> 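Handing you this structure, nothing more for now.
By convention here, the first residue in the shown sequence is residue 1. Here the structure is a predicted model, which is why all the values come from computation and not from measurement.
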Amino acid sequence: MKELSLHILDLVENSIQAGATQIDIKIDETHLHTHIKITVTDNGKGIDPAMLAVISDPFVTSRTTRRVGLGIALFKAASERCEGIFSIQSRQGNGTTVTATFAIDHLDRAPLGDLGATMTTLIAGYPDIGIRYHHILFQDSFTMNTAELKSGLDTVELNDPAILSRIKEMINDFCKQ
């Protein structure tokens, strides 16, 4: 994938397929002062240990529509290609956490991409899923919590185009720092 934000989108789609109702996305651009750390945690059904042992194999998937599952394999390869570390922790019934690091200045590291578009795509497509997005960039941080946003809206839905546009603008403004 051309952008790390597309990997995040794929991971969140996996979480939703696993029945998650709450998904936490954390991007830490100050991790060890040398790496970017991306963590996606969900409260889905979790992964059974046999599947977890082989989940980064592109020819292993839980899908019945096709025989390949490239998302996790590509994310792991992207991390390791950039002197990073990839891990998945999961317990059945308790959710899954996927973590990947990337050397900040590695020549092969993909850009973070359009995180505002990624987050608003997720909110628009899954307005009933709770999404917490936390991004740390140098001395600053940005946090968005869809549950808090929803509670602050009276009659307007969170996936209203004007609301989504404002969320996208706020995230992208933060990322431009």
Side-chain angles (χ1 to χ4, degrees), residues 1-20 22-31 35-42 44 47 55-63 65-90 95-127 129-137 141-146 158-159 161 164-177:
M1 293 187 209
K2 293 181 183 177
E3 301 174 351
L4 297 177
S5 64
L6 297 176
H7 287 287
I8 293 170
L9 186 66
D10 183 65
L11 291 172
V12 172
E13 294 275 348
N14 289 345
S15 295
I16 292 167
Q17 292 299 315
Q22 179 64 49
I23 300 168
D24 295 344
I25 301 163
K26 183 177 180 183
I27 301 170
D28 181 353
E29 295 195 59
T30 61
H31 181 67
H35 286 73
I36 295 173
K37 182 177 181 182
I38 297 173
T39 306
V40 176
T41 301
D42 70 51
I47 304 167
I55 198 157
S56 61
D57 182 335
F59 299 105
V60 172
T61 182
S62 61
R63 293 181 185 198
T65 56
R66 61 180 186 226
R67 295 178 161 245
V68 294
L70 295 175
I72 290 176
L74 291 174
F75 193 47
K76 180 181 181 202
S79 171
E80 292 174 348
R81 184 174 54 246
C82 297
E83 300 171 12
I85 297 171
F86 177 86
S87 70
I88 298 180
Q89 284 91 39
S90 185
T96 300
T97 297
V98 179
T99 303
T101 62
F102 302 82
I104 287 175
D105 58 355
H106 197 283
L107 191 60
D108 292 331
R109 184 182 62 81
L112 277 174
D114 191 343
L115 290 165
T118 297
M119 291 305 129
T120 54
T121 297
L122 291 169
I123 294 168
Y126 305 101
I129 302 291
I131 297 174
R132 285 188 290 246
Y133 168 75
H134 185 69
H135 192 154
I136 302 167
L137 178 62
S141 67
F142 178 88
T143 300
M144 177 202 68
N145 182 337
T146 58
L158 188 57
N159 58 0
L164 292 173
S165 177
R166 181 68 184 128
I167 292 169
K168 181 179 178 180
E169 181 182 306
M170 290 171 53
I171 292 171
N172 286 342
D173 283 349
F174 174 78
C175 292
K176 288 179 184 172
Q177 294 183 32

> To the nearest 0.5 Å, tell me how far L6 CG sits from L112 CG.
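It is 11.0 Å, given to the nearest 0.5 Å.
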> Report all side-chain donor-acceptor pairs from residues 164-171 shorter than 3.5 Å, counting only partners two or more places apart or in another chain.
from : atom 1 : to   : atom 2 : distance (Å)
R166 : NH1    : E169 : OE2    : 2.8

> Could you tell me which residues satisfy ring-ring contact (aromatic ring centres under 6.0 Å, His included) with H35, sequence neighbours excluded, listed by chain and number?
none
> Please find the pair of heavy atoms, one from I23 and one from A20, that lie closest to each other, and give the distance.
CG1-CB, 4.0 Å
> Identify, with sequence neighbours excluded, every residue that meets side-chain contact (heavy atoms from CB on, under 4.5 Å) alongside T30.
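By the side-chain contact (heavy atoms from CB on, under 4.5 Å) rule, T30 matches D28, I136.
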> Does a side-chain heavy-atom distance below 4.5 Å link F102 with H31?
no
> Hey, could you give me the CD1/CD1 distance between I8 and I25, rounded to the nearest 0.5 Å?
6.5 Å
> Output all residues satisfying ring-ring contact (aromatic ring centres under 6.0 Å, His included) with F174, sequence neighbours left out; order by chain, then residue number.
H135, F142
> Applying salt bridge (charged side-chain N to carboxylate O under 4.0 Å, His left out), name anything that partners D114, two or more places apart in sequence or on another chain.
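Here no residue qualifies.
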> What residues form a side-chain contact (heavy atoms from CB on, under 4.5 Å) with T99, not counting sequence neighbours?
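Residues passing side-chain contact (heavy atoms from CB on, under 4.5 Å) with T99: K37, T39, S87, T97.
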> Quick one: CD1 on I36 to CG on L4, what's the gap to the nearest 0.5 Å?
6.5 Å
> Under the salt bridge (charged side-chain N to carboxylate O under 4.0 Å, His left out) test, which residues partner E3, sequence neighbours left out?
none
> Considering residues at least two apart in sequence or located in another chain, which fulfil the side-chain contact (heavy atoms from CB on, under 4.5 Å) criterion with T143?
H134
> I'd like to check the side-chain contact (heavy atoms from CB on, under 4.5 Å) partners of T146; sequence neighbours left out, ordered by chain and number.
I123, I131, M144, L158
> Enumerate the salt bridge (Lys or Arg N to Asp or Glu O under 4.0 Å) contacts for residues 74-86, please, sequence neighbours excluded, ordered by first and then second residue.
K76-E80
> Are V98 and F86 side-chain neighbours, meaning at least one heavy-atom pair lies under 4.5 Å?
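With C-beta onward as the side chain, the pair touches.
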> What's the spacing between I16 CD1 and L11 CG if we round to 0.5 Å?
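Between I16 CD1 and L11 CG, I get 11.0 Å after rounding to 0.5 Å.
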> Under 4.5 Å between any side-chain heavy atoms of Y133 and L115, yes or no?
yes
> Among all residues two or more places apart in sequence or in another chain, which pass the side chain to side chain donor-acceptor pair (under 3.5 Å) test with S79?
none
> Using every non-hydrogen atom in the two residues, find where C175 and L137 come nearest and quote the distance to one decimal.
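Heavy-atom minimum between the residues: O-CD2, 4.3 Å.
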> For T96 and S90, which heavy atoms make the closest approach, and how far apart are they?
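It is OG1-OG, 2.8 Å.
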> Would you list the pairs meeting salt bridge (Lys or Arg N to Asp or Glu O under 4.0 Å) in which at least one residue belongs to residues 99-111, sequence neighbours left out?
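Every candidate salt bridge (Lys or Arg N to Asp or Glu O under 4.0 Å) pair involving residues 99-111 fails, so no pair, neighbours aside, qualifies.
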> Quick one: pull up CD1 in I88 and CD1 in I72 and give me the separation to the nearest 0.5 Å.
4.0 Å
